[in-house]
Amino acid sequence: MLTKLSKEGLVKASSGAKGGYRLPSNWEAISFLDIVHAIEGKQSLFDCYVHEDPNCTIKKLC
């Protein structure tokens, strides 16, 4: 999981005896959604093809 976060620039990785992971200096700009996208990908969990009505509650949530 940390490797995925590192690839997206959400954590900084350093190797060696005193290495590890740390937050970048702009850590306050990282949203929970950024973390989810880094780990799970940016594809939507739900693609609604059944409800074409613009007032559909499920479509609004998706």
Side-chain angles (χ1 to χ4, degrees):
M1 180 172 18
L2 287 171
T3 302
K4 291 181 178 182
L5 294 174
S6 179
K7 286 181 182 179
E8 293 294 321
L10 301 177
V11 295
K12 301 288 183 180
S14 57
S15 57
K18 295 186 178 185
Y21 294 92
R22 60 183 171 82
L23 291 173
S25 58
N26 66 338
W27 64 271
E28 293 173 326
I30 299 171
S31 71
F32 181 71
L33 185 58
D34 292 332
I35 296 168
V36 171
H37 281 165
I39 296 170
E40 298 294 330
K42 295 182 181 179
Q43 185 175 3
S44 175
L45 294 175
F46 303 100
D47 289 325
C48 186
Y49 298 105
V50 177
H51 303 284
E52 294 300 325
D53 178 8
N55 296 320
C56 175
T57 305
I58 294 171
K59 189 168 186 142
K60 287 179 183 179
L61 292 173
C62 293

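- When all heavy atoms of L10 and D34 are compared, the pair lying nearest together is CD1-O, 3.5 Å.
- Side-chain heavy atoms closer than 4.5 Å link hydrophobic residues (I, L, V, M, F, W, Y) into clusters, and following such links, even through other members, never connects L5 to V36.
- For residues 7-20, no residue pair satisfies the side chain to side chain donor-acceptor pair (under 3.5 Å) rule, not counting sequence neighbours.
- Atoms CG and NZ, on L2 and K4 in that order, are 11.5 Å from each other to the nearest 0.5 Å.
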Determine, step by step, whether T3 and Y21 satisfy the side chain to side chain contact (heavy atoms under 4.5 Å, CB included) criterion, reporting the C-alpha distance in whole Å, the side-chain angles of both residues, the deciding distance to 0.1 Å, and the verdict.
-> CA-CA 10 Å; T3 302; Y21 294 92; 4.1 Å; yes
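- To the nearest 0.5 Å, the span separating CE on M1 from CD1 on I35 amounts to 10.0 Å.
- In this structure the side chain of I30 reaches within 4.5 angstrom of the side chain of P24, judged on heavy atoms.
- In this structure, L33 is not a member of the same hydrophobic cluster as I39, with clusters built from ILVMFWY side-chain heavy atoms closer than 4.5 Å.
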